[in-house]
4 protein chains.
Amino acid sequence: MAQTKQTKAVRGTGVREAAAQATRDSILKAATKVFARYGYDGGSIEKISSSAKTHDRMIYYYFGSKEGLFIAVLEGIYHRMDRAEATCAPDTADPVAALKTVIRFKIDYYRRHPEFVTLLNTENLHKGKHVAKSEKAVEYSSTAVDLIRDILDAGVAQGLFRADLRPRDVYLLIVSTAYFFTSNRHTLSAFLGESLETPEAVAAWERFVTDSVLRVVRADAAPLPVTA
Amino acid sequence: MAQTKQTKAVRGTGVREAAAQATRDSILKAATKVFARYGYDGGSIEKISSSAKTHDRMIYYYFGSKEGLFIAVLEGIYHRMDRAEATCAPDTADPVAALKTVIRFKIDYYRRHPEFVTLLNTENLHKGKHVAKSEKAVEYSSTAVDLIRDILDAGVAQGLFRADLRPRDVYLLIVSTAYFFTSNRHTLSAFLGESLETPEAVAAWERFVTDSVLRVVRADAAPLPVTA
Amino acid sequence: MAQTKQTKAVRGTGVREAAAQATRDSILKAATKVFARYGYDGGSIEKISSSAKTHDRMIYYYFGSKEGLFIAVLEGIYHRMDRAEATCAPDTADPVAALKTVIRFKIDYYRRHPEFVTLLNTENLHKGKHVAKSEKAVEYSSTAVDLIRDILDAGVAQGLFRADLRPRDVYLLIVSTAYFFTSNRHTLSAFLGESLETPEAVAAWERFVTDSVLRVVRADAAPLPVTA
Amino acid sequence: MAQTKQTKAVRGTGVREAAAQATRDSILKAATKVFARYGYDGGSIEKISSSAKTHDRMIYYYFGSKEGLFIAVLEGIYHRMDRAEATCAPDTADPVAALKTVIRFKIDYYRRHPEFVTLLNTENLHKGKHVAKSEKAVEYSSTAVDLIRDILDAGVAQGLFRADLRPRDVYLLIVSTAYFFTSNRHTLSAFLGESLETPEAVAAWERFVTDSVLRVVRADAAPLPVTA
DNA sequence: TATGAATGAGCGTTCATTCAT
DNA sequence: CATGAATGAACGCTCATTCAT
């Protein structure tokens with residue numbers, strides 16, 4: 001078909017355009033759910049179309065292909081993540097509190113948006129080939145790291161934080177611990193013999209991560225010297 | 001599964017038994033590769049059988065079903081991981097060095113066995129339903145955490161480490177940072193705009209993680225107090 | 001087909017009528033190309049509309065259905081063939097030269113209009129059902145045979161040609177040899193192990209056909225008597 | 001699937017093998033009929049499988065793909081054509097009679113095997129791409145032309161035929177006239193306003209072609225000199 | 001022990017076409 | 001006059017699996 005309908009910036013909000021947009025949105029929403037639950041290959045077009053209460057054909061009408069739809073889904077979750085991160089926006093005047101807010105936000109966001117996690121894992125299974133095809137996805141990149149940079153800078157200025165930290169590393173430290181806990185909760189629960197899905201387990205993990213990150217960034221302490 | 005041929009304890013190592021074992025092994029090896037690359041749904045019986053140079057039918061003969069085969073694959077990677085971990089076995093007399101060895105091992109193992117990572121992600125996509133069906137998988141659980149416990153205990157005994165740490169948390173801290181770096185390297189590379197696959201990036205990450213963990217566990221430092 | 005827009009007798013050549021005619025023409029041209037290349041079933045509406053840089057819908061607006069479009073295409077190629085034949089118009093005063101001109105024209109026309117050949121083959125695959133629905137196609141019929149009749153009559157009058165020939169047979173003899181050479185060039189090339197698409201091969205075939213037809217029509221020779 | 005079952009030379013004619021061969025044959029037979037009637041694109045897998053009273057799946061089991069099936073069909077009709085031609089085998093001792101036999105055979109074969117004609121036209125629509133993939137198809141090439149060569153040689157030796165003829169040209173002359181008459185009978189009937197399908201029309205055409213070919217090959221006559 | 005034959009449901013995608021302004 | 005939205009059936013093909021020896 002090729003001539004995929006974009007419909008992104010609908011100006012004349014007539015009845016027809018609104019209905020069309022609704023169809024498009026419902027497909028996108030259903031696809032997000034289905035892909036998150038079953039993965040890319042397991043998420044069949046039929047599962048999506050029936051969940052969206054449309055016909056298979058409309059998916060191709062609006063998104064061109066399964067791959068096109070998946071890319072749109074990825075763009076969607078990245079976009080929403082980015083917006084949520086923007087609304088988080090802690091006050092960098094208090095860098096310790098800000099760091100804590102960020103950690104809490106990350107753990108919370110992944111917990112409440114497991115589809116974000118599974119979709120990202122799915123995309124990694126495919127070696128990031130879909131993200132590579134999207135121009136939008138890259139836009140949302142720097143803001144997250146920039147926030148950490150601002151916080152670290154403020155902490156350093158106040159004499160609280162070490163000056164030798166790369167913001168990207170601290171960002172990754174936080175994200176790893178928050179992401180992994182949600183991403184691998186099923187195998188971990190089986191492996192450790194205890195559920196990681198209870199509110200208590202999550203809260204305990206958040207406390208541990210917060211405490212650990214603050215130990216890492218604080219100014220007046222060194223790690224133990226490695227003897228070997 | 002019913003009358004699936006186990007062939008596990010091959011006593012009479014006749015020619016036929018050996019050939020049968022070879023077929024079984026080649027299926028298992030091929031399945032590991034295919035499932036790791038394409039996921040569970042994307043990894044078709046035909047891809048596996050042709051990669052193993054056998055017929056589809058043999059997979060059912062030896063493993064009963066696709067699910068049975070996937071479970072066997074999971075058991076295999078857990079088993080190999082467990083054995084590798086056992087050979088790691090650092091000297092707990094020097095807990096700092098031991099911790100460092102463990103971190104290096106984890107980062108290294110995930111790096112060199114990306115199939116372990118993708119298969120675990122695949123299993124988490126399916127909410128751990130296959131691991132649940134395996135009796136073997138649980139066996140390999142505690143050894144890893146026990147090692148951390150021994151190291152921490154030694155560190156505490158030597159006055160180097162904090163006493164208030166739960167081994168499981170430290171274990172998860174190490175594993176998160178090591179695992180996530182490999183697991184999400186594709187989307188992260190796109191997101192951060194720099195490749196995380198270079199040897200330099202990996203080495204730098206290992207250094208940062210080691211440094212951070214040692215800051216977390218050391219005895220004579222507290223985290224920054226949270227004001228809010 | 002019902003209320004298909006004909007637009008045939010455009011009187012008021014306003015801007016809109018001209019644009020509409022342009023759209024119609026471009027669809028017809030694209031359809032000729034696509035049907036000639038892919039056949040009727042292989043030539044999809046979408047291939048045609050995208051090649052004509054219009055929308056699928058316009059095809060239905062102007063031609064009512066895929067079948068209606070195909071009929072219009074057939075009428076078009078018949079029409080152009082008829083016009084080209086009219087411009088050929090050799091001088092019957094020299095019947096031998098005229099015959100030669102006709103043969104050259106036929107071989108040349110099929111060569112330079114392979115779409116005519118493939119479209120006719122496609123129509124024959126469908127047992128001529130579309131031509132049957134067209135009133136126009138029949139009009140162009142007799143002129144071609146009539147020309148041969150005139151030439152033969154002139155040849156007989158001049159004592160050069162046999163009098164017992166049916167013009168239709170001579171017409172078919174010429175057309176068979178010219179048409180088949182183009183129509184089956186691909187399988188023939190494979191079958192004979194030599195390309196029939198080179199200019200030399202075409203020229204040699206034209207010479208052979210001309211020579212043969214002239215032997216057939218000449219007055220003072222009989223065929224070899226059939227013994228059996 | 002790739003591992004397409006060949007089963008061509010079945011040695012152990014057990015019940016299973018025989019049944020399998022029957023399935024394969026019935027698919028091939030049905031495919032020949034369906035492709036001949038609807039063309040390649042119009043001939044759907046479902047039409048073929050239901051006509052063969054099997055399942056779609058078996059077509060892929062035995063022939064790998066639609067294209068593989070079509071190639072097998074082409075090989076089949078070429079093979080049968082070749083065998084029929086071999087059984088024709090006229091006595092070259094009487095070259096005139098032999099030539100007549102060949103012409104009759106050709107006209108007759110195309111008439112009674114219209115699927116040969118439409119399949120060849122279909123293949124030419126696709127520019128011979130399938131024949132090119134078949135190794136078998138080329139084998140049957142030369143025998144047909146060789147027969148004409150033998151006849152012409154005998155005729156020349158007896159002083160009946162011209163010596164300056166290329167066998168390939170005479171072969172093509174015969175085949176053109178025979179093939180075209182069947183191939184284009186539908187459009188021709190509409191074009192000429194008379195049916196070419198009646199036995200009388202066919203017999204008349206056979207007489208004309210025979211007469212014409214014999215005029216072309218006879219020794220003691222020249223074509224009319226071309227003045228222009 | 002091992003394998004060829006067969007199965008039917010489902011896959012992603014394209015088809016020609018109509019609806020409703 | 002022109003077109004975006006929608007439709008459902010069919011497309012070629014692959015799926016995991018069982019049958020029958």
Side-chain angles (χ1 to χ4, degrees), chain A residues 1 3 5 7 12 14-17 19-24 41-49 54-62 64-69, chain B residues 5 7 14 16-17 19-20 23 41-49 54-62 64-69, chain C residues 5 7 16-17 19-20 23 41-49 54-62 64-67 69, chain D residues 1 3 5 7 12 14-24 41-49 54-62 64-67 69:
Chain A
M1 181 49 96
Q3 61 216 85
K5 297 292 165 289
T7 329
V15 179
R16 300 277 301 251
E17 286 90 348
Q21 190 66 22
T23 302
R24 213 190 112 101
D41 289 288
S44 69
I45 291 287
E46 199 275 333
K47 277 196 189 103
I48 294 167
S49 68
T54 348
H55 305 274
D56 294 20
R57 191 64 188 75
M58 297 316 291
I59 291 175
Y60 294 89
Y61 187 68
Y62 283 111
S65 67
K66 186 183 187 180
E67 209 172 355
L69 176 57
Chain B
K5 298 290 168 269
T7 330
R16 300 184 66 126
E17 286 89 346
T23 301
D41 289 288
S44 67
I45 293 286
E46 200 273 331
K47 274 193 189 111
I48 295 167
S49 69
T54 346
H55 305 278
D56 294 17
R57 192 63 189 77
M58 289 295 93
I59 290 174
Y60 292 89
Y61 187 69
Y62 284 113
S65 68
K66 186 182 184 179
E67 211 171 353
L69 175 57
Chain C
K5 298 291 169 266
T7 329
R16 303 184 65 129
E17 286 90 348
T23 301
D41 289 288
S44 68
I45 293 287
E46 201 273 332
K47 274 193 190 112
I48 294 166
S49 70
T54 344
H55 304 278
D56 294 18
R57 192 62 189 76
M58 289 294 92
I59 290 174
Y60 292 90
Y61 186 69
Y62 284 113
S65 68
K66 186 182 186 181
E67 211 172 354
L69 176 57
Chain D
M1 178 53 92
Q3 60 218 86
K5 298 293 166 288
T7 331
V15 178
R16 300 275 302 245
E17 287 90 347
Q21 188 67 22
T23 302
R24 214 190 110 102
D41 289 288
S44 69
I45 292 288
E46 199 276 331
K47 278 196 188 103
I48 294 167
S49 69
T54 346
H55 306 275
D56 295 19
R57 191 62 189 76
M58 297 318 290
I59 290 175
Y60 295 90
Y61 187 67
Y62 283 111
S65 68
K66 187 182 185 179
E67 209 172 353
L69 176 56

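Because the structure is predicted, anything quoted here is derived from the model rather than measured. Computation of the quantities below employed the complete heavy-atom set of this structure, encompassing side-chain atoms and omitting hydrogens, waters and symmetry-equivalent molecules. Proteins get letters first, then strands, A, B, ... in listed order; numbering begins at 1 in each.
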Residues two or more places apart in sequence or in another chain: which of them pass side chain to side chain donor-acceptor pair (under 3.5 Å) with D:T23? none

Any D:Y62 side-chain nitrogen or oxygen under 4.0 Å from OP1 or OP2 of E:dA6: yes

Mind checking if C:G42 touches a base, just sugar-phosphate, or nothing, with heavy atoms under 4.0 Å? nothing

Please state whether the phosphate of E:dA6, meaning OP1 or OP2, lies under 4.0 angstrom from any side-chain nitrogen or oxygen of D:T23. yes

Separation of D:H55 atom NE2 from F:dA16 atom P, in whole Å? 19 Å

Give me the atom names and distance for the closest heavy-atom approach of C:S49 to C:H55. CB-C, 3.7 Å

Check side chain to side chain donor-acceptor pair (under 3.5 Å) between A:E67 and all other residues, then give those that pass, not counting sequence neighbours. A:K133

Could you list the residues that satisfy side chain to side chain donor-acceptor pair (under 3.5 Å) with A:T54, not counting sequence neighbours? none

Here's a test of your reading of the structure: between D:S44 and C:R57, which maps to the more 5' nucleotide of DNA chain F? C:R57

Between atom CG in A:D56 and atom P in E:dG10, what is the gap in whole Å? 13 Å

Separation of atom NZ in B:K66 from atom P in F:dC15, rounded to whole Å: 8 Å

Return the CD1 to CD1 distance between A:I59 and A:I45, rounded to the nearest 0.5 Å. 4.5 Å

For A:K47 against A:G42, the heavy-atom pair lying closest together: NZ-O, 3.0 Å

In whole angstroms, how far is the P atom of E:dG4 from the OH atom of D:Y60? 22 Å

Take N1-N3 plus N6-O4 or O6-N4 for Watson-Crick, N1-O2 plus O6-N3 for G-U, both under 3.5 Å. Which runs of 3 or more such pairs involve DNA chain F? E:2-21 with F:2-21

With a non-hydrogen cut-off below 4.0 angstrom, is D:G43 in contact with a base, only sugar-phosphate, or nothing? sugar-phosphate

Rounded distance in Å - CE (D:M58) to P (F:dT18): 17 Å

Within this structure, what is the NZ-OH distance for the pair A:K66 and A:Y60, rounded to the nearest 0.5 Å? 8.0 Å

Atom CD1 of B:I45 and atom P of F:dC13: how far apart are they, to the nearest Å? 22 Å

Atom OH of A:Y61 to atom P of F:dT3: distance rounded to whole Å? 12 Å

What is the distance, to the nearest angstrom, from the CD1 atom on D:I59 to the P atom on E:dG8? 15 Å

For A:E67 and for C:D41, find the nucleotide of DNA chain E with the closest heavy atom, then tell me which residue's nucleotide is more 5'. A:E67

